[in-house]
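What you see below is based on every heavy atom in this structure, not just the backbone, and it leaves out hydrogens, waters and symmetry mates. By convention in this document, chain letters (A, B, ...) are assigned in the order of the sequence lines, proteins followed by strands, and residues within each chain are numbered from 1.
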There are 2 protein chains.
Amino acid sequence: MSETPRSLPAKTRRKQLIKATIKCIAKNGLSGTTMADVTKLAGLSLGIVNLHFETKEKLLVETLRFITDEYRNGLDKIFFNENLSTEEKIRAHVAFDFSRAIADRNKLAVWFAFWGETKSRPTYHSICADYIDEIAQNLTQLFSILKNEQNYQSVDPELVCTCYTALSDGLWLALLLTPKSFKADDAKTIAMHYLKTQFPNNFTMT
Amino acid sequence: MSETPRSLPAKTRRKQLIKATIKCIAKNGLSGTTMADVTKLAGLSLGIVNLHFETKEKLLVETLRFITDEYRNGLDKIFFNENLSTEEKIRAHVAFDFSRAIADRNKLAVWFAFWGETKSRPTYHSICADYIDEIAQNLTQLFSILKNEQNYQSVDPELVCTCYTALSDGLWLALLLTPKSFKADDAKTIAMHYLKTQFPNNFTMT
DNA sequence: TAAATGAATGAATAGTTATTCATTTGTGAT
DNA sequence: ATCACAAATGAATAACTATTCATTCATTTA
């Protein structure tokens, strides 16, 4: 086993601390997360957070930014992938929403903890508002293109985007609350079930 | 203006404190909610929570129980109402989900705050698991009856129940995060849009 | 009207936790 | 090797907050 070097690039240390924060929020809740817990989980000393983030509040903000960036960047990679058809992009979007990296219970606990605080913390709110808007625009566009490509008459792309997004968030909650009886594959099945209702020619088979 | 009497039935005081707690969680977040805030918002003294709930933690548990009971009881009243047809019950369920009393942003903030802590607090988790299970059973039954009554061939009642429930939770999130551009009526429209895809004969008109 | 009751108060306490910073330690340059 | 520098440490501090409980006060009872 290689020893962890005492000195490390600042970015690596920051990511290490953010990952410990995610675990800690999942384990103890946002209200039960202390600096002592986070640094102990990271295997580092108490003062390290001050060194890399100045305050606890800034560490929490960067933690929220980390999970929103991970989500946004993953979807952008799909959206801007020239090798995928529109249908394939939508399929990839669903697969990503319920992939190991994203539909992870630790991260889901973090999402919900921060969502619960958005009303009281403008900083949290604006971080969330940003990514939501960008993703909605891209997804609406995909549905709109598919509608035109395949001549779906009565589809309302914006409504379908809002509906799919809400459905996906609600399925995340089911994964968080009932992990024993409800798995990522079940969630994916339900998401596809909805898309079939709107685009039966594209999502009915396989 | 009538003076608030100094002495009041215990139940009334407890409800008063729970309502102050809901406002306080919405205003300051779960992690930022202090006994001083809650009691000040209720217009009472610091020691009152200890008198009526023993500890802060028990006040929080009762607050969660309050909103889950309110939700469950409201839906039970619909489900067991002999005067409503199955279709009317489902319509009433949707209307209730996005009614003033339920889709209130203060209460939504409380829901999400507690959901974010369910992974770390078994008590919160079991309170949520209970109501979810009961509601799912009743709603699945409604979809099942409607399927048989109206001869819908390919509807899977259990899947539709999970899908509707997730959709409703996700729409609550949209109401919490984007209250300016997304209103309860928009949420209701989207929920009905999904039900139409499954039961076009019942939910397409009006 | 006076005494008894118990709900409500809030100053004081005890415990917790974020933050600070003097000291230690590893690393790379000379 | 030695030095200079930066990263990391953790004991001490300062701030905050849940809980306690002796006291106050309104209401009820005799």
I need the NZ-P distance between B:K40 and D:dT17, as an integer number of Å. 13 Å
With the threshold set at 4.0 Å, does a side-chain nitrogen-carboxylate oxygen contact exist between A:D186 and A:K183? no
Tell me: CG of A:N28 to C1' of C:dA18, nearest whole Å? 16 Å
Can you measure A:F53 atom CZ to D:dA8 atom P for me and round it to whole angstrom units? 12 Å
Under 4.0 Å between a Lys/Arg side-chain N and an Asp/Glu carboxylate O for B:E57 and B:R121? yes
Rounded to whole angstroms, how far apart are CG on A:L46 and P on C:dT23? 19 Å
Round to a whole Å and report the spacing from NZ of A:K56 to C1' of C:dT16. 11 Å
Quick one: B:L51 CG to D:dT24 C1', roughly how many Å, whole number? 14 Å
Out of D:dA18, D:dA8, C:dA7, minimum distance to the side chain of B:T34 belongs to D:dA18
Please tell me if A:H52 has a side-chain N or O lying less than 4.0 Å from either OP1 or OP2 of D:dA8. yes
It should be established whether B:R13 places a side-chain nitrogen or oxygen under 4.0 Å from OP1 or OP2 of nucleotide C:dA7. no
How long is the line joining CG of A:D37 and P of C:dT17, in whole Å? 8 Å
Between B:M35 (CE) and C:dG15 (P), how many Å, whole number? 17 Å
Proximal nucleotide (of D:dA18, C:dT19, D:dG10) relative to the A:T55 side chain: C:dT19
Any Lys/Arg nitrogen of B:E62 or B:R65 sitting under 4.0 Å from an Asp/Glu carboxylate oxygen of the other? yes
Return no unless some side-chain N or O of A:N50 is found under 4.0 Å from OP1 or OP2 of C:dT19. no
Answer yes or no: is there an ion pair linking B:D37 with B:K40, defined by an N-O contact shorter than 4.0 Å? no
